[in-house]
Protein chains: 2
Amino acid sequence: MRLTTKGRYAVAAMADIAVHFAGAPVALSEVAERQGISLAYLEQLFRKLKSADLVKSSRGVAGGYQLFSAPSDIRIADIVSAVDEQIKTTACEAGSSLGCQGTTSRCLTHDLWDELGRHIDIFLNSVNLEDIIEKRVLGMAAVNTPTRMEKTLMGAIE
Amino acid sequence: MRLTTKGRYAVAAMADIAVHFAGAPVALSEVAERQGISLAYLEQLFRKLKSADLVKSSRGVAGGYQLFSAPSDIRIADIVSAVDEQIKTTACEAGSSLGCQGTTSRCLTHDLWDELGRHIDIFLNSVNLEDIIEKRVLGMAAVNTPTRMEKTLMGAIE
DNA sequence: TGAAACCCTACTAATTTAGTCAACTATGCG
DNA sequence: CGCATAGTTGACTAAATTAGTAGGGTTTCA
């Protein structure tokens, strides 16, 4: 999961549409003005959002975009992964340990970044557009940090 | 907290030193070869790691670097923030809501990225170098995802 | 029929990252 | 001493990525 301003713009725009939807499609020009994002750039983003089935569009004079599903069914992870290209897996950072000798200290860090990635995924999958609109996001960082004993046990398993 | 290959290199190098330390300082040239990172680049990184008091150096023939503290006292977050410059806070992404009207939909997403950042911080602060060496990292992504009811309650508080 | 809106491709400007170069300083050994 | 080793430092550059523009379409509807 990659995190750039592109993803942030996309989430902001989606939230904007969710908030301002009132039966009729919301035009990108409105979103552009409200969110301070250039129209042309937004169009790029929404093309991707559309092919990911996160929004649907209507053309013509009174056209625009609307959410494809209910806000509670659109997870932030969906939005971010729709607009941000997948990060290219460098050397030994791939999901599986291909070409990565587990014994060298180089790959000791492999698990770490894997785990962090999983962490981020879990978070972004646990938040949906409705949470954002209703401001229910704060205080969700209740990570269950293992005790030293638990860490030791986990290490022992491997 | 920013996450680039720079930070990853730094963590890998620190782990390398932790593993290969045997009473005498470890020369960067060794680390460079083992980790496949150019010596000149490593020097850059270690300059920062040193000024953050994460390593200490000895010059001269048998010189090199060693950890400043015990591996269990060096958190990954310390390493990453030592080498990766702080991300410049764009528009309304700052820690506090300066210049950010809480009512516009633009800033609805503010909390989200704040919370994600906190999430990452918590994780990277909960892992230390010893965990990495002992391979105790996997399985730490035990995030406590709130129930819908809990989310609602949290929203209600604000 | 024309204005408003989406659709699409290509290009470019700006920024950031990763890495190099070259010179310098300190240390220890023969 | 003087030389090799190893850290110290600042300046510079090349590659990659991101963010954003330009400029055409095409569809729809009043």
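Reckoned from all heavy atoms, side chains included, excluding hydrogens, waters and symmetry mates. Lettering of chains follows the sequences in order, A, B, ..., and the numbering in each one begins at 1. Only a predicted model underlies this, so the values are computations on that prediction, with no experimental measurement involved.
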Contacts of A62(B) and L39(A) projected onto DNA chain D by closest heavy atom; the upstream (5') one is A62(B)
Check against side-chain contact (heavy atoms from CB on, under 4.5 Å), E115(A) and H110(A) | CA-CA 9 Å; E115(A) 194 69 16; H110(A) 182 122; over 6 Å; no
- Task: In sequence, state the C-alpha distance, the side-chain angles, and the governing distance for L54(B) and L67(B), and then conclude on side-chain contact (heavy atoms from CB on, under 4.5 Å).
- Result: CA-CA 6 Å; L54(B) 294 174; L67(B) 301 184; over 6 Å; no
In whole angstroms, the gap separating C1' of dC8(C) from CG of L49(A) amounts to 16 Å
| request: Test for a donor-acceptor pair under 3.5 Å between the base of dT20(C) and the side chain of Q44(B), counting only N and O atoms. | output: yes
From NZ of K6(B) across to C1' of dG19(C) the rounded distance in Å is 10 Å
message = Taking 4.0 Å as the cut-off, does a side-chain nitrogen or oxygen of S58(B) come that near to OP1 or OP2 on dG7(D)?
response = no
Of D121(A), I122(A), V127(A), N128(A), the one forming a side-chain contact (heavy atoms from CB on, under 4.5 Å) with N125(A) is D121(A)
Rounded to whole Å, OH of Y41(A) lies from C1' of dC6(C) at a distance of 19 Å
Test side chain to side chain donor-acceptor pair (under 3.5 Å), reference S57(A), set Q66(A), K50(A), R47(A), output is K50(A)
Are K50(B) and dT8(D) close enough that a side-chain N or O sits under 4.0 Å from OP1 or OP2?
-> yes
In terms of heavy-atom contacts, T109(A) and A12(B) come closest through CG2-CA, 3.7 Å
message = Categorize Y65(B) for me: base, sugar-phosphate, or nothing, with a 4.0 angstrom heavy-atom threshold over every strand shown.
response = sugar-phosphate
With the side chain defined as heavy atoms from C-beta on, S38(A) is closest, among dC6(C), dT9(D), dT21(D), to dT21(D)
Side-chain contact check for A40(B): nearest option of dG20(D), dT20(C), dC6(C) is dT20(C)
Rounded to whole Å, the CD1-C1' distance (I17(B) to dG7(D)) equals 12 Å
Rounded to whole Å, the CD-P distance (E43(A) to dG25(D)) equals 16 Å
- Message: Between the base of dG10(D) and the side chain of R47(B), is one N or O donor paired with an acceptor at under 3.5 angstrom?
- Response: yes
Side-chain contact check for V61(B): nearest option of dT9(D), dG28(C), dG23(D) is dG28(C)
Item to check | Residues, nucleotides or ligands: over 12 heavy atoms within 6.0 Å of E33(A) CD | outcome: no
L42(B) CG to dA6(D) P, in whole Å, measures 14 Å
F46(A) atom CZ is separated from dC8(C) atom P, nearest whole Å, by 15 Å
| message | Any base atoms under 4.0 Å from G60(A), or only sugar-phosphate, or nothing? Heavy atoms, all strands. | response | base
With the side chain defined as heavy atoms from C-beta on, Y9(A) is closest, among dG20(D), dG19(C), dT8(D), to dG20(D)
Out of dT27(C), dA4(C), dT8(D), minimum distance to the side chain of S57(B) belongs to dT8(D)
| query | Does a distance-only test, which skips hydrogens and angles, find a donor-acceptor pair under 3.5 Å between the side chain of R59(B) and the base of dT8(D)? | reply | no
L45(A) atom CG is separated from dC6(C) atom P, nearest whole Å, by 13 Å
